[in-house]
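Okay, structure first, notes after.
Below, each value reflects all heavy atoms present in this structure, side chains not excepted, and no hydrogens, waters or symmetry copies.
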Amino acid sequence: MAKRDYYEVLGVDKGADDATIKKAFRTLAKKNHPDVNPGDKEAEERFKEINEAYQVLSDPKKRQQYDQFGFDGPQAGFGSGGFGDFSGFGDFSGGFGGFDDIFSTIFGGATSGARRNGPVAGEDLRMDITLSFEEAALGCEKELNVVRDEPCPHCNGTGAAPGSKVETCTTCNGTGQERVVTNSVIGRIQNVRTCSKCRGTGKIITEPCPKCRGRGKQRVSKRRTIKVPAGVDSGSVLTVRGQGGLGESGGPPGDLLVFITVRPSKLFRREGDDLHISVPLTFVQAALGTEMDIPTLGKPVKQKFPEGTQPGQVFCIRGAGVPHLRGNGRGDMYVTAEVEIPRKLTEKQKQQLRDFEGTTSDRQYEKKKSFFDRLKDAFS
């Protein structure tokens, strides 16, 4: 497959300055990074292509050669094999770990696998709960068993045994990062990596805490009560701030994300914040009209069915639906009349219906009259 123009790959004009090129690369590289798209071969190839284009256009000499000669210039060997020689960016033998070095050079160390000595926010935790139809519509409180890391009370989160010393790492001088200079086909490359001695903490614990074994945190299970607002539905996510994973180096804790699934109702069908219910009427009730109590999420509401109610006719009860999740008010309830025809009639009942039928005319049946009018027009 023919190689695409490097400017086209990054989506920039040929006159783009270095800042524009770098910004375009950052955006595309983050979007197509293999850690963000695990198992996506197309994203992997795009990431390779984006890196190749950036390595040429970000280098003034290579960019000048490319602008003058295109892919046939002295820099042509850089992208051979579709990926180029990234020996200066780390070891790719273990998967895509080497990409961290590229990101640490370009993005200032903010990679998916890198650990920094500064505060790092804790990860978000996920929990799934199932609610009844009524609980979701009207709101409720739920007690959850949240399992997460909390600072070890024995060492106050330091990871060191009480009374022992915590020394500053001599390899990274407490920064949590070490700089490594390597040679590559494009020159000397300086990489910023997580310190191999202290693993990014910047400190060396000489005597680990016996309770947490130097982790500085312990796994704790606690019961938490959360308030579920009225109007949630399947797919809703509740965020409980600060109840997620423990932060590092003084970073804030993550959040608890509660994903909701709602069991279907035996009476109602929900569409947005509106409710639908089907109510059976007898032939006589539909013909003569009636009034009955309609169940809602609260108290029953009386609904009138006028004389001559037709099968499938829909009536609306305003404000009897689900409360709006964001804002005031509620949805509506739609009541569908289902006219039920009796079965297994006695001979007396059949004769009464025949007598009744003999007293009616087509004008009393709107659909029947309309059908025969259309039938007449079709054959006229």
Side-chain angles (χ1 to χ4, degrees), residues 1-14 16 18-59 62-63 65-67 69-116 120-121 123-126 128 177 180 182-187 189-194 196 199-200 235 237 245 254 257 259:
M1 184 175 65
K3 293 167 68 71
R4 288 200 299 155
D5 177 72
Y6 288 146
Y7 293 101
E8 178 186 348
V9 171
L10 296 183
V12 298
D13 298 329
K14 287 193 174 182
D18 292 342
T20 302
I21 290 174
K22 185 173 183 179
K23 181 179 180 181
F25 170 73
R26 287 167 63 97
T27 301
L28 293 171
K30 286 182 178 180
K31 180 180 179 181
N32 293 279
H33 193 278
D35 287 348
V36 181
N37 305 276
D40 188 339
K41 294 297 182 183
E42 293 184 3
E44 176 185 331
E45 293 302 320
R46 289 195 300 271
F47 185 77
K48 295 175 183 178
E49 184 183 44
I50 293 163
N51 269 296
E52 180 181 323
Y54 178 75
Q55 295 304 323
V56 172
L57 298 185
S58 63
D59 186 293
K62 290 184 176 63
R63 182 177 179 180
Q65 293 171 344
Y66 174 72
D67 289 343
F69 302 105
F71 293 114
D72 297 326
Q75 84 294 334
F78 178 84
S80 60
F83 206 128
D85 182 0
F86 288 97
S87 59
F89 290 109
D91 180 15
F92 287 89
S93 61
F96 288 98
F99 286 128
D100 288 342
D101 295 323
I102 300 174
F103 269 58
S104 65
T105 300
I106 298 168
F107 300 141
T111 71
S112 61
R115 295 177 61 193
R116 296 180 295 173
V120 179
E123 295 183 350
D124 293 337
L125 300 181
R126 169 173 178 159
D128 296 86
Q177 297 176 332
V180 180
T182 55
N183 296 318
S184 73
V185 294
I186 62 173
I189 303 296
Q190 179 175 269
N191 300 324
V192 180
R193 302 177 178 176
T194 300
S196 57
R199 297 182 180 180
V237 181
L257 306 180
F259 287 72

| By side chain to side chain donor-acceptor pair (under 3.5 Å) - contacts of Asp67 (at least two apart) | Tyr7

| message | Return the CG to CZ distance between Asn37 and Phe47, rounded to the nearest 0.5 Å. | response | 10.0 Å

| note | Hits for side-chain contact (heavy atoms from CB on, under 4.5 Å) against Asp124, two or more places apart or cross-chain, chain-then-number order -> Asp255, Leu257

| message | Give me the atom names and distance for the closest heavy-atom approach of Ala29 to Ile50. | response | N-CG2, 4.4 Å

| query | Would you call Glu45 and Lys41 a salt bridge, taking side-chain N to carboxylate O under 4.0 Å as the test? | reply | no

| Side chain Asp40, main chain Ala43, donor-acceptor under 3.5 Å | yes

| What's the shortest heavy-atom distance between Gly245 and Leu125, and which atoms? | N-CG, 3.7 Å

| request: Looking only at non-hydrogen atoms, find the nearest pair between Ala16 and Ile21 and report the distance. | output: O-CD1, 3.9 Å

| request: Evaluate the criterion side-chain contact (heavy atoms from CB on, under 4.5 Å) for residue pair Glu49 and Asn32; output intermediate values, then yes/no. | output: CA-CA 10 Å; Glu49 184 183 44; Asn32 293 279; over 6 Å; no

| Arg26 CZ to Leu10 CG distance, which is reported to the nearest 0.5 Å | 14.0 Å

| request: Take atom CD of Glu8 as the centre, draw a 6.0 Å sphere, and report whether it contains more than 12 heavy atoms from other residues, nucleotides or ligands. | output: yes

| said: For Ser58, give me all partners under side chain to side chain donor-acceptor pair (under 3.5 Å), at least two apart in sequence or on another chain. | reply: none

| note | Hits for side chain to side chain donor-acceptor pair (under 3.5 Å) against Asp13, two or more places apart or cross-chain, chain-then-number order -> none

| Do any N or O atoms from the side chain of Asp59 and from the backbone of Gln55 form a donor-acceptor pair under 3.5 angstrom? | no

| Do you know the tightest heavy-atom contact between Arg63 and Asp18? | NH1-OD1, 3.9 Å

| request: Taking side chain to side chain donor-acceptor pair (under 3.5 Å) as the test, write out the residues that go with Asp5, two or more places apart. | output: Tyr66

| remark: Residue set satisfying salt bridge (Lys or Arg N to Asp or Glu O under 4.0 Å) with Lys14, at least two apart, ordered chain then number -> none

| message | Within this structure, what is the CZ-NZ distance for the pair Phe25 and Lys30, rounded to the nearest 0.5 Å? | response | 10.5 Å

